[in-house]
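Only one structure is covered here, and it is reproduced in the block below.
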Amino acid sequence: MKRSRLGPWLAMAIGTAYFLIPLIATFEFSLRMKRGEYSLEAYRVVLADPRFQASFGYSTLIAIATILMGVLLIVPTAYWIELKLRNLRPLVEFITLLPLVIPAIVIVFGYLHTYNSSSWIPLIATPRGTDLLLTFGYMTLALPYMYRAVDTGLRSIDVRTLTEAAESLGAGWGTILFKVIFPNVRVAVLSGAFLTFAIVIGEFTLASLLDRPAFGPYLQLVGANRAYEPSALAIVAFVVTWACMGLIQIFGRDRRATMAGR
Amino acid sequence: MKRSRLGPWLAMAIGTAYFLIPLIATFEFSLRMKRGEYSLEAYRVVLADPRFQASFGYSTLIAIATILMGVLLIVPTAYWIELKLRNLRPLVEFITLLPLVIPAIVIVFGYLHTYNSSSWIPLIATPRGTDLLLTFGYMTLALPYMYRAVDTGLRSIDVRTLTEAAESLGAGWGTILFKVIFPNVRVAVLSGAFLTFAIVIGEFTLASLLDRPAFGPYLQLVGANRAYEPSALAIVAFVVTWACMGLIQIFGRDRRATMAGR
Amino acid sequence: MKFLEIENLRKVYGAQVGVQHFDIAVERGEFISFLGPSGCGKTTTLRMVAGFEQPSAGSIRIDGRDVVGLRPNQRNIGMVFQSYALFPNMTVAQNVAFGLKIAKRPDAEIKPRVAEMLQMIKLPQLGDRFPYQLSGGQQQRVALARALAGSPQLLLLDEPLSALDAKIRASLRSEIRDLQRKLGITTIYVTHDQEEALAMSDRIVVMSEGRIEQLGTPFEIYNRPRTRFVASFVGTLNILRGKVIDPAKGVVRVDEQDIRLDQQIPNAAPGEMRAIALRPEAVTLGETRPDRNAMKGTIEEVSFLGAIVRIKVRFKDNLISLDTFNSSASPPPRRGDSATVTFAPADLQVLEGVEG
Amino acid sequence: MKFLEIENLRKVYGAQVGVQHFDIAVERGEFISFLGPSGCGKTTTLRMVAGFEQPSAGSIRIDGRDVVGLRPNQRNIGMVFQSYALFPNMTVAQNVAFGLKIAKRPDAEIKPRVAEMLQMIKLPQLGDRFPYQLSGGQQQRVALARALAGSPQLLLLDEPLSALDAKIRASLRSEIRDLQRKLGITTIYVTHDQEEALAMSDRIVVMSEGRIEQLGTPFEIYNRPRTRFVASFVGTLNILRGKVIDPAKGVVRVDEQDIRLDQQIPNAAPGEMRAIALRPEAVTLGETRPDRNAMKGTIEEVSFLGAIVRIKVRFKDNLISLDTFNSSASPPPRRGDSATVTFAPADLQVLEGVEG
């Protein structure tokens, strides 16, 4: 009895240590830029770096573009599948899970060959084209999370019956989508969006192979050449992603409270 | 009506094209190594490359180690949380989601600082130590998937009541874990394991920054220096990951059929 | 011309028949139930009336207008679902007002109408609550108010009480019926619960395997079931196995005791076995009278159900279950006591078919 | 010494009291139900007997042995859960054999025992099926066989029929009771369904807010409820509001008609209002007799429920609901007819407290 209780607690302790020790060590190190005292000097240097601002801004823009395109692609698709094509759901789930397991590198090679300068759609020929390609890539990466978030939101509200109820009250498709469906999955869409943002901000492989000035490659560059700044950057990235996670949790909790009340 | 139906279909078509066009283009390209004819020459070259064999073998080993450690850490923890600490579930879910949004780079920097040669646990000092660190890193990356798979498996069987039923029939903890709980989540654990395998095989950032001879960096190396082989490699990687996905689906479907029958 | 006329309705899914040969004519203001086990086609039929499914053949006319081919939002119906289907993002008042807003009624009209509807369902103060803040019974009342707010021509209810507790179910049942009577709205009510259908309906359509088994008032359905399916699905039955003694006079022998029927036994030869149906409430304990059959047996089980005491009396092979009212003055009989049960010849019904 | 003795049991969650002052003594072979609304502490009490929860105070003795502090697997109990809780990875036979294997009984003993148990629950051919291949009722019967296979001292059932359909619920109810009687196993049955408790139990413990409200046979609980809670929770009641005319002779006036009680009205002055309870089945339609109270009113509602016809008779402010048996010879009365109802003075019960 005693032993079996100890096991899980130990496992949890190891799990927590896993995240906390590297984080604390990194944070402590990032404060040591000035000799003999703890200071925020590393953060000042990092935040003042114009390349930091440029790359962070670039990644933010790409993230927003990714989110917008993702929402436009996924919400109507997921709604339609839930409503009329439930048989297709296993297939769609399978497709949306693919990006999790297809290495980003494979995706990039595919893109490079498909959209190179001699192809029908020579996206790589121009920087704007490559940006678009990067956005497509991120959309692919974010697809599993975004789809799952939207799908969970849709499933939690019994889309089919709500649609029928609205129809029987005289509503047309526009009213149903914008007055009934969308307000009830807004929270789910938002949490998918935050997750997407967090993923795009920290992504390295795609941005680096497509050679775009994103935040991930900048992180790696600084990491390879400086001592204290990388730690500060890591902490900054952690705080940003943590804030996103926090927002997801806040919106998610709201929703859960709502559900529990039913 | 017509327009709103077209939208989702179009979205699905785009979504499918997203995956299929790059894949087909890559495959077609990989067959063109010999001038003027389609051949599997590129595959022959790639598969005969000793570095391919070495890096693929290395990644497979690391993947297996990751899976074993992950199962040992996660199954008892998740069982215990489901059984006795349900209040902690939101917290644990939050923790297990962190690796999704903390960029791999941050994890690596954290590790580098925590386990560098001057720290208490100088893992990075030796290649074996770095391998261990890489495994830890992959465990972190795989945690969200593994935990979710196990958790879904546990939730689908009403762990609490089954445990109580077994207890009332005289069973002790060992019997409950190995005769009742484990057989019922085996499928979930397997699908988590395949997903982990697929992720580890294709991973690039961690392996490259820790400078280990894994399959991801090899892919990138070949990609940067060769013409046809990268495409062949991408297809090989795709087939491997796709096989993993297929296995998940097969096991998953089994489970779903079982559930539907209830 | 009746208010709602359904003629020769048919719904086929691939090779499978969902509904066929479905004909009914419903009066204005009538309360009709579709009763049957799950999969009998009752919900499919309702959904064709609502417009959520398209019939494979046949016609549906509401007040003379053929609605087949019309979209649900063009049919002017009110629908209530088993799962309430309130819009979670809207308050109770917004839910009730939804249909009125879509119909572009002026605000000055909507507000008093919503208040009136909330008054009607006895939740006048809950307009600002959200659905998740209400109990299941309250949510279903709001769903009813929402369906009725736009004064639809036809009210359709799809197992509206199945998700609720027994006590709330019983009280909401009479509330729905009262409302329906007050508004005089023609109503179709789908249920698998025979007591619900018997208690609420003007007429009941008993369905099985996509067909109408019987159409009639609750009293007719219960007391004069036309088929064996209806007899066994509606209410409980004692089935006695007896040997035919005199088919012309209607005498059979059950466990060595002769009993009389008030009718001849058709197509039967002496010595053949027949199944005879008898409702539990037609049987009484004691009270031997010359115009009633009497059988002697032993009390095998006594179930005190509250208002009713259900007693099972065992003969040699057969068993008769009978219901008596609880009486606070006299405790029920005990297991093992011997007992005489009596029943009128008119209450016996010979079922079709020879028994092994 | 009784077989199961629970003394002064108490369970506290932080500041909240789950169960308190719980004392009962159960005979060997008795069938006891814990009946009450959700949250009344009935399941908590059962779980303390099973060992899944630890009491905050008090003792539980099974056959003289204090089991508080013992783990569930040391208590020799059989438990049946609402959700069946069959092991999904095992066949029916493996499920039933589970407890025997753990007790390390020889295979030569296990096999016939499992066959015997499957025979007992009337599923002898289903040993090789998996739980998901069975219906809910079958699963629960397997769960019962599994719980009984090891011949436990005590059988505990936690709302075992709540997840099932009404028809299966009724049949499984008598099957469980038959089995329990045949095996003579002491049984505790938790339910929120009063009919279930009344039908099955030797004695019922009615609980509310963590306390025992009344302990007695079904007949006592139903006909002589000790508290207002028991009276209203078990069965349905007509509550009449009447003005006290003569407290000593027990006369009250309800809607301008005088009625007699068979008892004095304690602590009442003439002119005060009192609430009087009357069971629906104690009221009859017509049949005026000098020893019965008679009241004239109008029939407001007739619900044909099958075996029973429930009729509501309206007086000025009061309403009496009464039950009559369906009779195929005479259709029920109609709404709006005038009617006389009668009831015996002994069936009236004055509830405590002055009414506004």
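Chain identifiers are assigned alphabetically (A, B, ...) following the order of the sequence lines, protein sequences preceding nucleic acid strands; residue numbering begins at 1 within each chain.
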Heavy-atom contact with chain C under 4.5 Å, split by part of [X]:
| X | answer |
| --- | --- |
| A282(D) | neither |
| I221(D) | neither |
| P280(D) | neither |

For P37(C), all residues meeting side chain to side chain contact (heavy atoms under 4.5 Å, CB included), sequence neighbours excluded
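P37(C): side chain to side chain contact (heavy atoms under 4.5 Å, CB included) contacts with C40(C), F229(C), F233(C).
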Among the listed options P331(C), G235(C), P332(C), the residue most often paired with chain D at heavy-atom distances under 4.5 Å
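Among the listed options, the one with the most contacts to chain D is P331(C).
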Locate the shortest heavy-atom distance separating I308(D) from I308(C); write the atom from each residue and the value.
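Taking every non-hydrogen atom into account, CD1-CD1, 2.9 Å.
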Sort A307(C) into side chain, backbone, both or neither according to what part of it lies under 4.5 angstrom from a heavy atom of chain D.
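A307(C) touches chain D through backbone and side-chain heavy atoms alike.
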Short donor-acceptor contacts under 3.5 Å linking chain C with chain D:
unit_1	atom_1	unit_2	atom_2	d
K167(C)	NZ	S232(D)	O	3.4
A199(C)	N	F304(D)	O	3.0
Y222(C)	OH	A307(D)	N	3.2
N223(C)	OD1	N326(D)	ND2	2.8
N223(C)	ND2	N326(D)	OD1	2.9
S232(C)	O	K167(D)	NZ	3.4
E281(C)	OE2	N326(D)	ND2	3.1
F304(C)	O	A199(D)	N	3.1
A307(C)	N	Y222(D)	OH	3.2
N326(C)	OD1	N223(D)	ND2	3.0
N326(C)	ND2	N223(D)	OD1	2.8
N326(C)	ND2	E281(D)	OE2	3.1
S328(C)	OG	D347(D)	OD1	3.1
D347(C)	OD1	S328(D)	OG	3.1

